[in-house]
Amino acid sequence: MRMSQSKYYIKRLSLVFILMGIAPLLFAQQHNAPKKAGHYQADVVIYGGASAAVTAAVQASRMGKSVIMVSPDIHLGGLTSGGLGYTDVGDKAVIGGLSREFYQRVYTHYQDTAAWRWQDHADFGELRGQGTPAVDKDKATMWIFEPHVAEQVYEEWIAEEAITVLRDEWLDRKGGVIKEQGRIRSIETLSGKVFRGQMFIDATYEGDLMAAAGVDYHVGREANSVYDENWNGVQTGVFHHSHHFDPETDQVSPYFSPGEPSSGIIGGVSAAPPGRKGSGDQKIQAYCFRMCLSDHPDNQVPFPKPDSYEPSQYLLLLRMFETGWHERNNFFAKYDAIPNRKTDTNNHGPVSTDYIGMNYDYPEASYQRREQIIREHEDYQKGLMYFLANDPRVPAEIQEEVNRWGLAKDEFTDNGHWPHQLYIREARRMIGRYVMTEHEVLGKREVPEPVGMGSYTMDSHNVQRYITPEGYVQNEGDIGVHPDQPYQIAYGSLVPKEAQAENLLVPVALSASHIAFGSIRMEPVFMILGHSAAAAAALALEEEVSVQALDYSLLREQLLGDGQVLEYE
């Protein structure tokens, strides 16, 4: 993520890949090699380096198109290789195409005994939370994995297809998109490189190419009235998970001196009212890092103390402990086990790894400001773990368990064992030809021209932390509404309005309301949609039509032939 550390990252990453036996493939530029330094051309130009960008590149290549990936990231895979190894699966039956192939390749990796360095394969349980299988042996599929394994799978894919990948290339968001007669002709990065293409795919979490191309989008939560929804806007008084303060048992004061407003408000608590229930705002759900921890003594490093460490930043956490929250709930419930005695560690509880309310300006921020926000999140979360491990005020049983863990020594080795990707749960969302809403997700409305399926809970993490009329701290925005069955995702949600861009597809920052996006935003679905977007781009090229005018029957035939799942049985 950090441009200033790019050269360092590349050197260290190359050493890692030498050990993996794939160093010559790091910047694979075989049959797609540019003909002129600084100027590149391909049938399909993909901006982004996350999971959807990789599946889009692979699919376009397999359909015989030349491809260039322009990636601001150095590590490919986004969150999938950045710590989220405990996959948010939903209904596995609707995960198809290249997305399923990814998890099959993960399965193949773990059949090799050499993959089990810190744990015997036989000792690894094959059930994840709620009894959901981690492994489908009959389909040779594995759903949980270590971060470096995911990155290795992506690199192998790119190498096999000989796809050109230019890393650490950041779109010039002010003047780097050239359009002519409603089509993107080229994009330019801050380094001065120019990329011309027939089709473009924005596969970033932020939707930067989409926004720079002048496509309509939204940031924040729409009011329920916009799409006639129930779960979209401000959700005060809605407590679906355990990520809130219980109004009866967790009456925590937001003031430095409990009950005394004149003493000042504790950091992380807003003095502003939360807003009327159901109303819209420009706030977004909280971000965090998905830490990879290890409890193996030979494969862990202690939680580092950030330079900006300030214990008072975690006063709310102490007050949460004082209520006995940890005695009623499992504080370590989201230390989800992945292979080799490691975890995918996620937010859990009223005060946890989510840095609530500290990301509102991220979607529209400059690269420099985004880097600052990322650093602030990193410092907060590192400080949280250091506090839990060392502050004598932390309950002994909590501190003892925390000190069993450390950062996994063999993960993120070029970044101090810290994830290279912040979890951008939501940023910009396109307002395209078709908007997915809770009506489609909950099966209340027929979905036109499906290109993939989702099934996960409509899930939003907390959006804000405020003071109740009674004078206590409360969190707001955490939602979990489960669809009765998997749902289809419309092709129209991947394409802008035709007048705005005829040759752009957006499979990640796609067209969806806040709450619908809360279900769609899962990594397996992003890989599905990246695959489908590339198939549409290739077919539109062959048919010499805009992506909006593409005959859906052709796309459907292609996707079904690729193993995509378009209907639920």
Side-chain angles (χ1 to χ4, degrees), residues 218-226 229-241 243-247 250-288 310 312-320 323 347 349-366 369-370 372-374 376-377 379-381 383-384 422 424-429 460-479 513-515 517-518:
H218 185 80
V219 175
R221 299 183 286 188
E222 299 92 346
N224 282 337
S225 59
V226 174
E229 295 176 295
N230 292 317
W231 301 107
N232 194 350
V234 173
Q235 298 292 321
T236 47
V238 176
F239 304 127
H240 284 177
H241 298 122
H243 309 316
H244 61 274
F245 294 90
D246 188 299
D250 304 335
Q251 297 179 346
V252 171
S253 175
Y255 307 113
F256 282 105
S257 296
E260 296 183 14
S262 61
S263 66
I265 299 174
I266 296 173
V269 180
S270 172
R276 178 176 50 84
K277 185 174 182 180
S279 63
D281 56 29
Q282 293 184 307
K283 300 170 183 175
I284 55 178
Q285 57 181 307
Y287 299 165
C288 72
E310 174 50 63
S312 65
Q313 191 174 17
Y314 309 102
L315 183 55
L316 277 184
L317 180 65
L318 287 179
R319 292 186 180 176
M320 184 186 85
T323 69
N347 180 81
V351 183
S352 185
T353 58
D354 277 358
Y355 200 20
I356 298 172
M358 301 301 172
N359 60 346
Y360 296 157
D361 59 334
Y362 180 90
E364 302 277 39
S366 66
R369 172 58 183 145
R370 284 182 184 170
Q372 183 181 7
I373 294 170
I374 292 167
E376 290 167 356
H377 279 69
D379 287 348
Y380 164 78
Q381 199 164 331
L384 173 71
L422 179 64
I424 309 302
R425 290 190 172 94
E426 186 174 16
R428 299 185 183 96
R429 301 187 311 280
S460 172
H461 280 232
N462 279 306
V463 173
Q464 58 185 329
R465 181 176 284 139
Y466 68 100
I467 303 173
T468 68
E470 295 76 23
Y472 301 119
V473 178
Q474 190 51 272
N475 297 338
E476 183 277 321
D478 184 78
I479 296 290
S513 70
H514 156 75
I515 195 59
F517 189 79

Beyond-backbone contact of Val238 with Trp231, side-chain heavy atoms, under 4.5 angstrom
yes
Do His243 and Asn462 have side-chain N/O donor and acceptor atoms under 3.5 Å apart?
no
Here the pair of heavy atoms bringing Arg465 nearest to Leu316 is CD-CD1, 3.6 Å
Check whether any side-chain N or O of Glu476 sits under 3.5 Å from a backbone N or O of Gln235 as a donor-acceptor pair, and report yes or no. yes
field: Short side-chain to backbone donor-acceptor contact, Gln282 and Tyr360, under 3.5 Å
entry: no
Asn347 side chain vs Thr353 backbone, donor-acceptor pair below 3.5 Å: yes
- Query: Do side-chain atoms of Glu229 reach the backbone of Ser225 as a donor and acceptor pair under 3.5 angstrom?
  - Reply: no
Between Arg370 and Pro363, is there a donor-acceptor pair closer than 3.5 Å when you use the side chain of the first and the backbone of the second? yes
Minimal heavy-atom distance between Gln464 and Pro273, with the atoms involved, is OE1-O, 4.5 Å
Discussion item. Looking at Gln285 and Gly477, would you say the former's side chain and the latter's main chain have a donor-acceptor pair under 3.5 Å?
Written reply: no
*Sidechain-backbone polar pair: Ser253 side chain, Gly259 backbone, donor-acceptor under 3.5 Å*: yes
(Q) Could you check whether any side-chain N or O of Arg429 sits under 3.5 Å from a backbone N or O of Gly220, counting only pairs where one atom can act as donor and the other as acceptor? (A) yes
Here the gap from Asp354 atom CG to Gln381 atom CD, rounded to the nearest 0.5 Å, amounts to 8.0 Å
On a heavy-atom basis, the closest approach of Gly471 and Tyr255 is O-CE1, 4.4 Å
### Message
Ring centres under 6.0 Å, that's the criterion: do Tyr362 and Tyr287 meet it?
### Response
yes
- Query: Tyr380 and Tyr314: aromatic ring centres closer than 6.0 Å?
  - Reply: yes
Between Arg221 and Lys283 (side chain of the first, backbone of the second, donor and acceptor by atom type, cut-off under 3.5 Å), is there such a pair?
no
Can you tell me if Glu470 uses its side chain to pair, donor with acceptor, with the backbone of Tyr472 under 3.5 Å? no
Show your reasoning for whether side-chain contact (heavy atoms from CB on, under 4.5 Å) applies to Met320 and Leu317. CA-CA 5 Å; Met320 184 186 85; Leu317 180 65; 3.7 Å; yes
Quick one, Glu376 with Arg369, criterion salt bridge (charged side-chain N to carboxylate O under 4.0 Å, His left out). Give me CA distance, side-chain angles, the key distance, then yes/no.
CA-CA 10 Å; Glu376 290 167 356; Arg369 172 58 183 145; 3.5 Å; yes
